[in-house]
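Here is the structure we will look at, set down as structure tokens.
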Amino acid sequence: MTSRDFMVPEPVRVLRRWQELDAVWTLELEPVKTGGRSFQPGQFNMLYVFGVGEVPISLSGDASETAALVHTVRGVGPVSNKLVALQPGDTVGLRGPFGVGWPMAAAEGSDVLIVAGGLGLAPLRPAIYHLMHHREKYGRVILLYGTRSPEDILYAGELAEWGERADLEVQITVDHAVSDWQGKIGVVPALLPTLDFDPEDTVAMVCGPEIMMRFTVNALRDAGVEDEAIFLSMERNMKCALGHCGHCQFGSTFVCKDGPVVSFDRVRGLLSLKEF
């Protein structure tokens with residue numbers, strides 16, 4: 001398929017939708033191709049609301065199930081607000097999948113530490129599914145998740161189910177809570193010093209607000225995790241998704257085609273720079 005083909009959105013139908021949080025909805029879209037379309041955990045699609053515009057949205061479903069394409073969307077602007085308002089049977093344009101995903105193959109044989117903040121759990125959920133489907137290929141799997149309050153916990157039911165598994169360690173923390181919250185309170189990077197893990201045999205996958213990722217990286221490095229073993233999912237203003245327009249250029253890296261998942265050693269000098 002040529003790059004020109006990837007510039008043309010293909011119409012797909014909304015199969016199902018359900019609300020996750022305030023202004024956060026999950027959309028299930030029919031595959032573009034008969035028999036489904038495969039993707040790698042960490043990749044994204046460009047979703048186009050006809051007559052309004054286009055935005056990049058991470059795939060948040062199970063990559064082993066191609067009957068539908070799943071995206072979790074927060075309504076925060078003109079396009080995303082239209083996306084979360086779509087109803088079953090409505091049509092949306094789709095381009096993709098695009099980008100570099102999580103290093104699932106490279107992490108085999110190692111422990112995996114997943115650190116998510118807020119809606120950053122959505123791009124990491126396909127990686128968690130993959131780890132669970134291929135559990136025998138990995139060592140310890142630890143999931144740390146932080147969000148603002150108990151009411152803002154994404155995929156709360158699924159997190160509870162994962163927390164009951166013997167082969168997955170789950171810790172959840174919130175920035176603030178009322179008295180009936182029985183869990184941890186504090187920012188998610190603060191959980192790292194409390195862990196007993198082998199930093200030399202750990203691959204870390206991190207996604208969340210950039211300030212959270214910066215502090216998480218610092219905590220991981222302090223614990224002894226190498227920069228090359230820390231992977232981040234970056235967000236930048238992606239327009240073409242093919243590295244042509246330059247909107248998402250991040251130093252020498254184009255987030256759309258060289259990311260969104262990048263190892264920290266590639267971006268350590270740039271992570272603190274703001275997007276203009």
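Values below: every heavy atom of this structure, side chains too, minus hydrogens, waters and symmetry copies. Counting begins at 1 with the first residue of the sequence.
Contact annotation: the side chain of Lys137 never approaches that of Leu131 to less than 4.5 Å [non-hydrogen atoms, C-beta and beyond]. Proximity of Leu220 to Leu113: side-chain heavy atoms (C-beta onward) are separated by under 4.5 Å at one or more points. Here the side chains of Glu28 and Trp18 are in contact, with some heavy-atom distance below 4.5 Å. The shortest distance between side-chain heavy atoms of Leu121 and Leu159 falls below 4.5 Å. Using a 4.5 Å heavy-atom threshold, the side chains of Tyr138 and His130 count as touching. Proximity of Glu54 to Arg95: side-chain heavy atoms (C-beta onward) are separated by under 4.5 Å at one or more points. Looking at heavy atoms from C-beta onward, Pro88 lies out of side-chain contact with Arg16 at the 4.5 angstrom threshold. Residues Arg140 and Thr202 form no side-chain contact, since every pair of their non-hydrogen atoms from C-beta on lies 4.5 Å or further apart.
The residue from Val187, Val188, Val217 that alone fulfils the side chain to side chain contact (heavy atoms under 4.5 Å, CB included) condition with Met212 is Val188.
Counting heavy atoms of neighbouring residues, nucleotides and ligands inside a 6.0 Å radius, atom CZ of Arg135 exceeds 12 of them. The environment of Gln40 atom CD is sparse: at most 12 non-hydrogen atoms of other residues, nucleotides or ligands sit within 6.0 angstrom. Enclosure of atom CZ in Phe215 is not indicated, since only 12 or fewer non-hydrogen atoms of other residues, nucleotides or ligands lie within 6.0 angstrom.
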Handout entry: Step-by-step side chain to side chain contact (heavy atoms under 4.5 Å, CB included) determination, Asn45 to Leu59
Key = CA-CA 7 Å; Asn45 281 326; Leu59 286 141; 3.5 Å; yes
Exercise for the section: Go through the steps for Leu29 and Leu47 under the test side chain to side chain contact (heavy atoms under 4.5 Å, CB included), then give the verdict. Expected result: CA-CA 11 Å; Leu29 308 177; Leu47 300 185; 4.0 Å; yes
Problem - Verdict with supporting geometry, Leu154 and Thr147, side chain to side chain contact (heavy atoms under 4.5 Å, CB included) - result: CA-CA 8 Å; Leu154 185 65; Thr147 191; over 6 Å; no
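Of the N and O atoms on the side chains of Trp162 and Glu164, not one donor lies less than 3.5 Å from an acceptor on the other residue.
Residues Val70 and Tyr48 do not share a hydrophobic cluster, defined by chaining ILVMFWY side chains whose heavy atoms lie under 4.5 Å apart. Under a hydrophobic-cluster definition in which Ile, Leu, Val, Met, Phe, Trp and Tyr are linked whenever side-chain heavy atoms come within less than 4.5 Å, directly or via other members, Leu86 and Leu15 are assigned to different clusters. Linking ILVMFWY residues whenever their side-chain heavy atoms come closer than 4.5 Å, directly or via other members, leaves Phe50 and Val14 in distinct clusters.
When all heavy atoms of Ala219 and Leu192 are compared, the closest pair comes out as CB-CD1, 3.5 Å.
Between the side chain of Arg17 and the backbone N or O of Trp25 there is no donor-acceptor pair closer than 3.5 Å. At distances below 3.5 Å, at least one donor-acceptor pair connects side-chain atoms of Thr173 with backbone N or O atoms of Gly186. Side chain of Gln87 to backbone of Ala85: a donor-acceptor contact under 3.5 angstrom is found. Remark: side-chain polar atoms of Trp102 are paired, donor with acceptor, to backbone N or O of Pro123 under 3.5 angstrom. Side-chain N or O atoms of Tyr145 include one that pairs as donor or acceptor with a backbone N or O of Gly118 at under 3.5 Å. With Glu10 contributing its side chain and Leu94 its backbone, the two residues share no donor-acceptor pair below 3.5 Å. The closest donor-acceptor contact from the side chain of Arg221 to the backbone of Asp227 lies at 3.5 Å or more, if one exists at all. The closest donor-acceptor contact from the side chain of Ser60 to the backbone of Thr72 lies under 3.5 Å.
The distance from the OG1 atom of Thr216 to the CD1 atom of Ile211 is 10.5 Å, given to the nearest 0.5 Å. For the atom pair CG of Leu191 and CD of Gln171, the computed distance is 5.5 Å after rounding to the nearest 0.5 Å.
Taking the side chain to side chain donor-acceptor pair (under 3.5 Å) definition, one finds that Glu108 meets it with nothing, sequence neighbours left out. Every residue meeting the salt bridge (Lys or Arg N to Asp or Glu O under 4.0 Å) condition with Glu158, not counting sequence neighbours, appears here in chain and number order: Arg125.
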